[in-house]
Number of protein chains: 2
Amino acid sequence: MSVELSVAAPRDCGECQIRHRAVCSRCDEDELTQLDQIKYYRSFQAGQTVLWSGDQMDFVGSVVTGIATLTQTMEDGRTQMVGLLLPSDFVGRPGRGEAPYDVVATTDLVMCCFRKKPFENMMLRTPHVAQRLLEMTLDELDAAREWMLVLGRKTAREKIASLLAIIARRDATLKLASLDAKVVFDLPLTREAMSDYLGLTLETVSRQISALKKDGVIVLEGKRHVTVPSMERLLEEAGDDSDGGMVS
Amino acid sequence: MSVELSVAAPRDCGECQIRHRAVCSRCDEDELTQLDQIKYYRSFQAGQTVLWSGDQMDFVGSVVTGIATLTQTMEDGRTQMVGLLLPSDFVGRPGRGEAPYDVVATTDLVMCCFRKKPFENMMLRTPHVAQRLLEMTLDELDAAREWMLVLGRKTAREKIASLLAIIARRDATLKLASLDAKVVFDLPLTREAMSDYLGLTLETVSRQISALKKDGVIVLEGKRHVTVPSMERLLEEAGDDSDGGMVS
DNA sequence: AGCGCCTCTTGATCTGGGTCAAAGAATTCA
DNA sequence: TGAATTCTTTGACCCAGATCAAGAGGCGCT
């Protein structure tokens, strides 16, 4: 429950309004002003827990910079990541009180938050915000279900390839890079976090990454810097049918 | 794409309006009349595919009687069930054109449908319908994420116990039975369907069910009729923390 | 520089669940 | 009534990935 609340908002709002896919894209001036009034920033350090499962959740918001994960844990410690929040992703459940899972910052993290009550009120008044929220939730649901296929039916190698593909695609989209060019990015997750995402052990993750490297599917510099020479090849390894758009 | 459309609506609407958690509960007379005008029934036989992945989906609706599954399939035939639709569950994505997965009737099935366009229009006019939809989608998302934990981290035995618990709880809720009493129900799924839900093979499903039976966690009469003497025990076997509410 | 602390890699071995195979219910059809 | 079909169970064996164990960088600290 160690939540550093930095009400100081050094960033210009324009930035986050453009970045978070959430509520801004179709708001008029008036509505943006309303949003501004209930908006604040929160910063977290890498490793910090934003929210524990069961906590009251009095805000909604979106990631500005950094990465957070949603995880569920069994009493005996087995944990499964159920969501990955990259910049521009939305967190929060309007109408819900309790967080259903832990939210953890895996890197230093800045979030743009809105207090929940006022946000909900605004939602009632501006239908297109509710629409947007529904759309986003449906996206998340699709992604979760895509991920169920990965967890339930894919081999370790396919799982790793799938995860790399998601990150690569997501990264490429943010950079507006062409999709057939080679993709370069830094892995935002530790091997352990990847294993939690994929329902594997970290040893298996490591081995499979080594294998993909040996087979030329990816090029690794250091432990985190990845180059994907051919997205097509990667997707093939992932067992994906040509495209398919799984995002967190 | 074999969709039997039975516009004949033998059922009184009251029934489905009460039953589907969807749009009706808070509608006034006027809105109900509007809904009536765009409502129709569809019947399917067991095994029939309601919708193929990629199909245009021109309706939304909810299950009146019977059971349907949402499944995703890889090119090589591996399939994963990603959702289970029991009576009163909602299907459809307002604002989306294509179905992202196959919808299959596993028993004879009756659905109460609304044509999508008019439904969406109505949604724009009546905010509480959109709210309700958002709530439902968030429920589904929670259920999907709960299921990711099952798929990623639970053993075969725990998976089976989890599935039985879901069905039992769901059934008990529908019947308004007390939660500590023993629960009796018929399995609505074949062993194969269960294996698709759980990311297992049907042989493993069979073996684990036998094991749970031998250990007295469940009592089986025939292949489908199940008695759960103690929900507590079953949940324990599922690795669940006391309660926890995963519903499709 | 030297030490402790992470994160990651790699090897050796074990095992839960997959695969292959066969045969027992239950149901439908003729 | 028996034959065909579908669903289910059970057995024997195997392998992908888990587990256990030992190092190998890398980085901040004193």
Side-chain angles (χ1 to χ4, degrees), chain A residues 45-47 67 74 76-80 106-108 150-164 186-215 218-226 237 239, chain B residues 45-48 67 74 76-80 104 106-108 150-164 186-215 218-226 237 239:
Chain A
Q45 290 168 9
I67 289 175
M74 296 171 67
D76 62 5
R78 284 178 279 175
T79 79
Q80 175 66 50
T106 56
T107 64
D108 288 347
V150 174
L151 287 172
R153 292 303 185 192
K154 291 196 178 179
T155 65
R157 172 183 263 245
E158 289 170 332
K159 284 180 176 181
I160 296 288
S162 298
L163 178 54
L164 292 174
D186 284 309
L187 277 175
L189 301 175
T190 66
R191 301 290 187 265
E192 190 184 23
M194 289 191 241
S195 74
D196 282 342
Y197 209 145
L198 298 167
L200 298 170
T201 59
L202 85 178
E203 293 96 326
T204 299
V205 170
S206 180
R207 274 187 251 272
Q208 295 301 333
I209 289 181
S210 298
L212 288 175
K213 179 181 168 187
K214 186 163 71 62
D215 298 346
I218 57 173
V219 179
L220 258 189
E221 285 158 288
K223 287 149 195 311
R224 298 292 194 90
H225 193 73
V226 179
E237 290 286 350
Chain B
Q45 289 168 9
Q48 232 183 334
I67 290 176
M74 297 172 67
D76 61 6
R78 282 178 280 176
T79 79
Q80 175 66 50
V104 182
T106 56
T107 64
D108 288 348
V150 174
L151 287 172
R153 292 301 184 193
K154 290 195 178 179
T155 65
R157 172 185 264 245
E158 289 170 332
K159 285 180 176 182
I160 297 289
S162 298
L163 178 54
L164 292 175
D186 284 309
L187 277 176
L189 301 174
T190 66
R191 301 292 187 262
E192 189 183 24
M194 289 191 240
S195 74
D196 282 342
Y197 209 147
L198 298 167
L200 298 169
T201 59
L202 85 176
E203 292 95 327
T204 298
V205 170
S206 180
R207 273 186 252 273
Q208 295 301 334
I209 288 182
S210 298
L212 288 176
K213 178 182 169 188
K214 185 163 70 64
D215 297 347
I218 57 173
V219 179
L220 259 188
E221 285 159 287
K223 286 147 197 312
R224 298 292 193 89
H225 192 75
V226 179
E237 290 287 349

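The sequence lines fix the lettering, A, B, ..., with proteins before strands; numbering per chain opens at 1.
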Let me know the distance between CD1 of A/I209 and C1' of C/dT7, rounded to the nearest Å. 12 Å
When the distance from CG of A/L200 to C1' of C/dG16 is rounded to whole Å, what number comes out? 15 Å
Distances for protein N/O vs nucleotides 12-14 of chain C N/O pairs under 3.5 angstrom?
from, atom 1, to, atom 2, distance (Å)
C/dA12, N6, A/R207, NH2, 3.4

Keeping the roles fixed (side chain from A/S162, backbone from A/E158), state whether a donor-acceptor pair exists under 3.5 Å. yes
Quick one: label A/G47 by what it contacts on the DNA or RNA (base, sugar-phosphate, nothing), any heavy atom closer than 4.0 Å. nothing
For A/R78 and C/dG16, give me the distance from atom CZ to atom P, rounded to whole Å. 13 Å
Specify the residue among A/T204 and A/G222 whose closest nucleotide of DNA chain D lies further upstream toward the 5′ end. A/T204
Output the rounded distance in Å from CD1 (B/I160) to P (C/dG17). 10 Å
Can you measure B/L202 atom CG to C/dG18 atom C1' for me and round it to whole angstrom units? 11 Å
Any side-chain heavy atom of B/R157 within less than 4.5 Å of one from B/D215? yes
How many whole angstroms separate atom CD of B/E221 from atom C1' of C/dA25? 16 Å
In terms of heavy-atom contacts, does CD of B/E203 have more than 12 from other residues, nucleotides or ligands at under 6.0 Å? yes
Thinking salt bridges, do B/D196 and B/R78 make one under a 4.0 Å N-O criterion? no
Is the distance from OP1 or OP2 of C/dA26 to the nearest side-chain N or O of B/R224 less than 4.0 Å? no
Less than 4.5 Å apart, side chain to side chain, heavy atoms only: is that true for A/L163 and A/V150? no
Indicate, with a heavy-atom threshold strictly under 4.0 Å, whether B/S206 touches base, sugar-phosphate, or nothing. base
Positive for side chain to side chain contact (heavy atoms under 4.5 Å, CB included) with B/R191, one of B/T201, B/V205, B/L200, B/T204: B/V205
B/R157 CZ to C/dT15 P, in whole Å, measures 18 Å
State, yes or no, whether a side-chain contact exists between A/L220 and A/H225 at a heavy-atom distance under 4.5 Å. no
Pairwise 5' ranking along DNA chain C for A/R153 and A/L189, keeping only the more 5' one: A/L189
Which nucleotide sits closest to the side chain of B/E203: C/dG17, C/dA26, C/dC20? C/dC20
Check every strand shown and say whether B/T201 touches a base, only sugar-phosphate, or nothing at a heavy-atom separation below 4.0 Å. base
Electrostatic pair A/K154:A/E237 at N-O distance under 4.0 angstrom: no
Distance under 4.0 Å to a non-hydrogen atom of chain B counts as contact; along DNA chain D, which nucleotides mark the start and end? D/dT8 to D/dA12
Do B/Q80 and B/L198 have side chains that get closer than 4.5 Å, going by heavy atoms? no
